[in-house]
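Following: one structure in structure tokens, then a few remarks.
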Amino acid sequence: MTNFAPVHPDSATGKAAELLAQVQKSVGQTPNMTKVMANSPALLKGYLALSAAVAGGTLPPAVRERLAISTAQLNGCEYCLSAHTYIGANIAKVEPAELDSARKGQSRGGAAATVQRNRRERRRRR
């Protein structure tokens with residue numbers, strides 16, 4: 001597998017610099033994943049467009065992040081778990097106890113709880 005070096009915002013130029021600045025502004029930091037994506041500004045632009053489309057959906061940010069945390073835990077992806085826990089706590093303002101519950105797939109009520117319950121049931125049937 002090819003490893004790509006991250007593009008640091010202070011040394012980025014052109015479209016990569018613009019996109020990394022956009023990430024910094026919206027997230028408050030520049031995650032390593034987006035720094036690596038900046039090697040291909042088209043990739044980073046597509047990722048940001050997908051993220052914006054998801055953000056424009058009907059689920060509130062706190063629910064989206066709880067679902068992302070639950071999914072990251074289920075998939076065993078420490079990077080995603082860390083990133084979505086940060087976003088959940090610092091941007092979506094999810095309570096720490098609820099972040100912990102989401103990690104266990106046990107969110108209280110609403111869409112997150114329903115999706116998590118269905119996911120557990122499908123996994124049990126496998």
Q. So if you build clusters from Ile, Leu, Val, Met, Phe, Trp, Tyr with side-chain heavy-atom gaps below 4.5 Å, do Val94 and Leu67 land together?
A. no

Locate the shortest heavy-atom distance separating [X] from [Y]; write the atom from each residue and the value.
X	Y	answer
Ala102	Arg66	CB-O, 3.6 Å
Ala16	Ala38	CB-O, 3.7 Å
Lys35	Pro9	CE-CD, 4.1 Å

What's the separation between atom [atom1] in [X] and atom [atom2] in [Y], rounded to the nearest 0.5 Å?
X	Y	atom1	atom2	value
Thr71	Arg64	OG1	CZ	13.5 Å
Leu99	Ser70	CG	OG	12.0 Å
Ser82	Ile69	OG	CD1	10.0 Å
Glu65	His84	CD	NE2	5.5 Å

Residue list, side chain to side chain donor-acceptor pair (under 3.5 Å) with [X], at least two apart or on another chain:
X	result
Asp100	Lys104
Thr85	none
Gln22	none

Show which residues join [X] in its hydrophobic cluster (side-chain heavy-atom contacts under 4.5 Å, direct or indirect), or state none.
X	result
Val54	Leu50
Leu19	Val7, Leu20, Val23, Val27, Met33, Met37, Leu43, Leu44, Tyr47, Leu48, Tyr79, Tyr86, Ile87, Ile91
Phe4	Val36

Q. Does any non-hydrogen side-chain atom of Ser11 lie less than 4.5 Å from one of His8?
A. yes

(Q) Between Pro41 and Glu18, is there a side-chain heavy-atom distance shorter than 4.5 Å? (A) no

